[in-house]
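First up is the structure itself, then whatever we jot down about it.
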2 protein chains.
Amino acid sequence: MKKSASIPKPSAKDKLLNAALRVVRTKGYSGTTVDDLCAAAGVTKGAFFHHFESKDALAVAAADYWSTVTASVFAGADYRKLSDPLDRVLGYVDFRKALVRGQLPEFTCFVGTLVQEAFDSNAEIRAACERSIFGHAAEVAKDLAEAKKKYCPRADWSAESVGVFTQAAIQGAFIVAKAKDDPRAALECIEHLRRYVAGLFPSVNHRREVKQS
Amino acid sequence: MKKSASIPKPSAKDKLLNAALRVVRTKGYSGTTVDDLCAAAGVTKGAFFHHFESKDALAVAAADYWSTVTASVFAGADYRKLSDPLDRVLGYVDFRKALVRGQLPEFTCFVGTLVQEAFDSNAEIRAACERSIFGHAAEVAKDLAEAKKKYCPRADWSAESVGVFTQAAIQGAFIVAKAKDDPRAALECIEHLRRYVAGLFPSVNHRREVKQS
DNA sequence: ATTAAGATACCGACTAGTTGGTATGTTGTC
DNA sequence: GACAACATACCAACTAGTCGGTATCTTAAT
């Protein structure tokens, strides 16, 4: 769609999408005005409505954008290089912990925030959030399925379902962290998630947590 | 604060609080207007601002109201009568599953929805949500602490932390259900939570799930 | 190489409708 | 008649979206 070589300077569209991720996670979707987004992106309203039909259309685009941004973050993470699938699964959870840094709006989930507000009012936004969350869950489930096949093929849980649960637990971790205004609350929750996932492989002598860079 | 005997007919204040629980869970907090709330409650704007200083003040009151409503729901549930603390803990999780019925806005968490939007913009709302979530988590932690003392006093997890995690997992379950627009996604997540909690007591031969009325 | 012509990207003043909140009644009860 | 509990009318600020306009980039014929 757009040549990415030579860094042509960020377009208003890109700036608006990035601004949306930041501002919406801070103020919520309804609480974010189009003017807020334009100001944060450093563009005008004309630019906004040149690139997006409506505020809701931007939300859909931003959710899809979030999917690609996060996909590349996880694709490039160190734990992906581990050869053992269970190492990758636990490495994923540890990586999620490592991502909990800085202020809350910097590490919480854009689509998780968005879907809370839009699930009932806009079907297209909800669908975009579903793609993002369940697409990511499916990636986690791939490693889970491999690990299950290798270590406990007869276990009575499905990789898909556990993959979704990892996402739920992490989303919930963000909510309690917001309620307490303390990122450490999220970390403790993700610790429990890790313990649960490790416990799904009772035959394995669990290695220690892999430190993330 | 208010005498509850003899059912004197619902005041505008009560109607507004109940309307807030319903409407905010459907449309989100910023997406809900004062007029929406007045219409849903069947009262006028004058009544609204007679009882509440501002929309934000109503949010705080509604969060505290949510705390009392939910506290009485759980206090009156059958699982509370079980004598064994671990039975009560697992009965709690099963009860949470049983509450997942009807449309999404009917069983999702008011304060979970609210804090997502208000954690950064209004400290009093956030604090009210913290009281609600962590107060409830502490109730769950009471039974967890008793169960731990009875069955595995030397286990390396704290009842408080697990109590908070139960809330996180349930909040996350609601988010994935909203994303998928399917309550069953929440049920599957709560199943995983149950498996995790049960697994914290490895010495116990786990009984089957208690059916809820 | 120049130029004409169209397309794309962007600007910012403007508008119609909405929003939280206010000012001023009215009603019933002690 | 004083006070609480509402109701009605209204407003100033804000909000999503529009619209006429300009700058720059693409294409292709000369």
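With no hydrogens or angles considered, a side-chain donor-acceptor pair links A:D14 and A:S11 at under 3.5 Å.
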Could you go over nucleotides 27-30 of chain C and give all protein N or O partners under 3.5 Å, atom names and distances?
none

Could you list, one pair per line, each protein nitrogen or oxygen that sits under 3.5 Å from a nitrogen or oxygen of nucleotides 14-18 of chain D, together with the distance?
unit_1, atom_1, unit_2, atom_2, d
D:dA16, OP2, A:V34, N, 2.9
D:dA16, N7, A:K45, NZ, 2.7
D:dG17, OP2, A:K55, N, 3.0
D:dG17, N7, A:K45, NZ, 3.3
D:dG17, O6, A:K45, NZ, 3.0

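Using a cut-off of 4.0 Å between Lys/Arg side-chain N and Asp/Glu carboxylate O, B:K148 and B:D143 are scored as not salt-bridged. B:R194 has no carboxylate O lying under 4.0 Å from a charged side-chain N of B:E191, or vice versa, which leaves the two without a salt bridge. Ion pairing between a basic and an acidic side chain is recognised when a charged N comes within 4.0 Å of a carboxylate O; A:E130 and A:R126 show such pairing.
Using bins of under 30°, 30° to 60° and over 60° for the plane-to-plane angle, the ring pair B:F74/B:Y79 lands in the perpendicular bin.
Rounded to a whole Å, the NE2 atom of B:H50 is 14 Å from the C1' atom of C:dG25.
The six-membered or imidazole ring of B:F201 lies near that of B:W157, with a centre-to-centre distance under 6.0 Å.
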Quiz item: Can you list the steps and then say if B:D36 with B:R22 is a salt bridge (charged side-chain N to carboxylate O under 4.0 Å, His left out)?
Solution: CA-CA 11 Å; B:D36 285 342; B:R22 234 179 322 123; over 6 Å; no
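Within the 4.0 Å cut-off from OP1 or OP2 of D:dA5, not a single side-chain nitrogen or oxygen of B:H51 is found.
Applying the side-chain contact (heavy atoms from CB on, under 4.5 Å) rule to B:E106 yields the partners B:Q103; only residues at least two apart in sequence or on another chain are considered.
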